[in-house]
Amino acid sequence: MATLPIVQYEDKIIETVENNSITVIIGETGSGKSTQLSQMLHRRGYSKIAVTQPRRVAAVSVSRRVAQELGVQLGEEVGYAIRFEDRTSHNTRIKYLTDGVLLRESLADPELNDYSVIILDEAHERSLNTDILMGLMKRLVKHRSSNLKVLITSATLDGDKVSKFFRDCPVLNIPGKLYPVEVLYSKERPVSYLDAALKTALGIGFADIHVRQPEGDILIFMTGQEDIEKLVSKLEDKVRALDEGSCMDAIIIPLHGSLPPELQASISLLFFYKFIRFLETSKDSVLLHGFGKKMTEVRVFSPPPPDCRRIIVATNIAETSLTVDGVVYVIDSGYVKQRQYNPSSRMYSLDVVQISKVQANQRAGRAGRTRPGKCYRLYPSQIYHDEFLDVTVPEIQRSSLAGSVLYLKSLDLPDIDILKFDFLDSPSSESLQDALKQLYLIDAIDENGAITSIGRKMAELPLEPSLSRTLMEANNYGCITEALTVAAMLSTESALLPGKSKTEEKRKRPISDLPDGSGLGDHIQLLQIYERWHQTDYDIGWCKDHGLQRYGVAGGHCSPSTASHIGGAAKAVTMTDKKTANSGAAWSGYERHLKNLEIPVRGMMFARDVQPLDIKANGKGEEFRRDYRNLRKALCVGYANQLSERKMHHNGYRTLGLQGQVVQVHPSSALSSDEHGKFPDYVVYHELIATPRPFMRNVCSVEMKWVIPIINKLNTLNVKKLSGGGMDHVEEESERNIPDLPKKNVEVAASVDDSESRIQAARERFLARKANKVEKEGIVEVKKENNVNKTP
DNA sequence: GAGCACTGC
């Protein structure tokens with residue numbers, strides 16, 4: 001350990017921390033900051049130190065390392081806390097935790113008095129949670145009664161900005177321990193960076209590593225699965241075409257998030273001694289569990305044979321999350337795929353964007369971990385210097401902020417206006433207003449922007465606001481079990497997802513095998529699929545037979561039933577139930593959680609008692625299809641901010657509460673049309689995605705009478721009031737697409753909830769007026785009809 | 001009739 005560069009700086013670091021409440025540490029990769037800073041401060045006598053990490057694996061692996069260095073048992077003096085897992089005790093003095101966990105802790109104790117030091121590690125990655133924590137830390141050092149020391153670690157390019165944010169706090173530079181990496185630029189930007197990468201690795205391009213350079217693996221950064229697969233097959237062709245004996249052999253390895261987790265894990269385990277021994281001793285091919293299929297890509301596991309070079313083609317997963325040892329050459333396309341949120345249309349899109357300088361340097365650094373390396377940038381240096389942003393656009397400027405704003409509101413920070421919250425990089429006022437409007441529509445804040453009792457309870461649930469609102473409403477309607485399953489299916493990576501079935505497979509297995517959501521939409525379908533799977537006692541074979549994918553959970557060592565309900569309940573359970581050993585425990589944990597919130601639980605059942613099916617008997621020997629009325633009603637309340645109305649003459653929809661956004665039901669949806677080929681008049685949707693055509697993904701059919709109170713609310717929405725005067729330039733709202741229901745009709749409809757006929761009458765008047773309006777406004781809309789999504 | 005960067009409570 002004595003060789004770590006940071007050790008020489010110990011005195012300087014301690015001195016700076018003692019004299020300042022906030023210190024910025026610029027520590028390059030390999031400086032040892034993640035493992036050493038906490039130990040130094042511990043030695044100095046600070047009572048309890050928290051170190052946040054943006055990723056779970058990092059929290060676990062770094063804490064394990066520190067426990068080892070200190071010769072203590074993990075979970076005692078040194079421990080970690082991540083979702084579902086708290087390995088700390090009352091003895092714990094150094095605690096590694098994800099930034100999200102620290103945010104949750106601060107909900108229980110806003111002053112975080114348990115800690116004398118808080119270190120926000122990897123702050124340059126600008127994760128949403130770390131950004132919020134930075135704002136909170138700035139307040140906390142000023143307001144907290146007991147002494148608090150805060151350390152922020154960041155990248156070179158970001159240090160001054162962070163220091164300025166924290167009132168010119170001191171910045172310490174700690175050199176890294178990477179080997180030098182020579183950076184080579186191409187003369188101009190290639191027409192096709194796929195071909196350029198190919199040439200650089202194997203061809204006769206501006207460099208050709210494989211034939212001319214000494215041994216060492218090559219890591220190529222591409223944007224996505226499709227490009228990776230194309231490049232892999234081209235590389236394989238080329239390698240095969242190389243003259244035997246003219247150069248060393250090469251194996252090509254794709255690496256991206258959609259690969260089975262087992263395959264990914266194998267990469268990081270590749271050089272794990274035991275594992276290699278295991279492979280050497282078992283001559284048989286390795287059988288991967290999970291899909292029950294024999295993987296042919298055993299080569300991924302094998303260490304490269306002598307005189308063989310690995311070429312790894314990866315997404316940015318290899319930038320931070322996965323480290324592949326043995327890499328000496330990096331080829332950087334200069335691009336990354338990023339998910340962006342547009343608050344004015346509430347749409348997400350996945351765009352290929354130029355990386356930042358920090359990212360480019362991070363990628364280059366991957367070449368210098370074991371010995372001096374080379375990084376080939378497929379773009380000119382002038383583009384790097386002039387066009388690349390210094391730092392990645394922070395997540396807070398690319399996401400919907402409803403959840404974060406609700407969280408901040410629930411903290412009840414004195415004398416703080418959420419819209420003036422001091423962020424290192426503020427989100428746009430448009431984005432904050434969007435969050436407020438959404439929260440108002442789902443009753444989390446009142447018309448003056450103050451958090452409601454419903455909102456307070458929602459904030460306690462670690463779910464996106466729409467889903468936490470749905471759960472609360474479902475509890476009132478006695479369908480909490482079902483709602484929980486839906487929430488879990490939508491919010492977990494371990495959900496059962498309809499896999500991409502090739503046309504071939506489709507013919508073999510008629511879709512009718514799978515529940516169809518009773519035609520009511522995707523939420524219902526997800527519920528039915530889960531229930532069906534539950535009936536098979538969580539049989540993996542059943543998933544396989546139905547073309548469903550079950551993604552692994554937290555390291556992949558869960559039994560199917562835990563997986564399902566970790567996927568299921570536990571996601572919604574928060575930390576109340578720390579040892580989610582089985583689904584029953586998770587559900588009772590959730591029940592406890594609701595009780596803590598003083599929400600009486602009605603109709604609660606354990607997962608194993610779940611009975612409801614899409615077909616039910618009525619006791620007279622007849623069967624009828626369930627209409628999931630209560631669940632859909634709850635979804636309608638929860639998704640009041642994500643509601644669409646069908647257009648008059650076709651199956652296109654218009655979002656309500658937004659400026660006339662025209663969207664379609666996603667073709668993969670389970671929603672079915674009526675006998676006239678029409679979709680339901682109203683649906684709620686889980687998200688809008690802006691592919692070339694805008695789609696609603698995951699929709700659920702809802703009824704007119706449930707929608708009326710929402711339309712009412714939209715009519716009274718006043719952003720100025722919601723912002724509590726915090727916005728200086730709030731534009732007058734003109735929500736042109738709010739249906740213009742006359743007050744009288746609304747009142748009638750709303751007060752006589754059960755009078756179907758009167759509601760029907762109101763609806764007919766409304767639709768008639770709408771038709772009239774369409775005629776007056778012109779033919780544009782009618783013309784569109786031909787293009788639009790007609791259901792068979 | 002279309003498309004899956006990566007995290008996290």
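Model, not experiment: these values are computed from the prediction. Here is the naming used below: chain letters follow the sequence lines, and residue numbers restart at 1 for every chain.
- Base orientation of dC6(B): anti, the glycosidic angle falling outside 90° of 0.
- At the heavy-atom level, Thr691(A) lies under 4.0 Å from the strands shown only through sugar-phosphate atoms.
- Of the listed nucleotides (dC4(B), dC9(B), dG3(B)), dG3(B) has the atom at the smallest distance from the side chain of Pro692(A).
- When the P atom of dC9(B) is taken as reference, atom CG of Leu471(A) falls 18 Å away, rounded to whole Å.
- For Tyr685(A) and Tyr653(A), the distance between ring centers is not under 6.0 angstrom.
- Side-chain atoms of Thr315(A) lie closest to dA5(B) of the nucleotides dG3(B), dC9(B), dA5(B).
- To the nearest angstrom, P of dA2(B) lies 5 Å from CZ of Phe695(A).
- Within the nucleic acid shown, Arg55(A) comes within 4.0 Å of sugar-phosphate atoms alone, with no base atom in reach, counting heavy atoms only.
- Taking the charged nitrogens against the carboxylate oxygens, Lys95(A) and Glu105(A) do have a contact shorter than 4.0 Å, which makes a salt bridge.
- Ring pair Tyr639(A)/His523(A): centre-to-centre distance below 6.0 Å.
- Here the P atom of nucleotide dC9(B) and the CZ atom of Arg83(A) are 6 Å apart, to the nearest Å.
- Looking at the side chain of His256(A), the nearest of the listed nucleotides dT7(B), dC6(B), dC4(B) is dC6(B).
- Scored by the salt bridge (Lys or Arg N to Asp or Glu O under 4.0 Å) test, Asp114(A) finds Lys48(A) as partners (sequence neighbours excluded).
- Nearest to the side-chain atoms of Ile317(A) among the listed nucleotides dC6(B), dC9(B), dG1(B) stands dC6(B).
- Annotation: salt bridge (charged side-chain N to carboxylate O under 4.0 Å, His left out) contacts involving residues 393-403 of chain A, sequence neighbours excluded, are absent.
- The shortest distance between the side-chain N/O atoms of Arg693(A) and the OP1/OP2 oxygens of dA2(B) is below 4.0 Å.
- Put simply, CD on Gln338(A) is 14 Å from P on dC4(B), counting in whole angstrom units.
- In this structure, the CG atom of Leu103(A) is 14 Å from the P atom of dG8(B), given to the nearest Å.
- Per the geometry, CZ belonging to Arg697(A) stands 14 Å off P belonging to dA2(B), to the nearest Å.
- Comparing Ile689(A) and Asn129(A) against DNA chain B, the residue whose closest nucleotide sits nearer the 5' end is Ile689(A).
- The two atoms that bring Val324(A) and Val327(A) nearest to each other are O-CG2, 3.4 Å, heavy atoms only.
- The interatomic distance linking Gln359(A) (CD) with dC6(B) (P) rounds to 13 Å, in whole Å.
- Side-chain N/O atoms of Ser127(A) include none lying less than 4.0 angstrom from OP1 or OP2 on dG8(B).
- Residue-level contact check: Thr98(A) touches the backbone only, with heavy atoms under 4.0 Å from sugar-phosphate atoms and none from bases.
- Listed nucleotides: dA5(B), dT7(B), dG3(B). Nearest to the side chain of Ser321(A): dT7(B).
- Taking atom CE on Met347(A) and atom P on dG3(B), their separation rounds to 13 Å, with Å as the unit.
- Dashed line: the shortest gap from a side-chain N or O of Arg56(A) to OP1 or OP2 of dC9(B) is under 4.0 Å.
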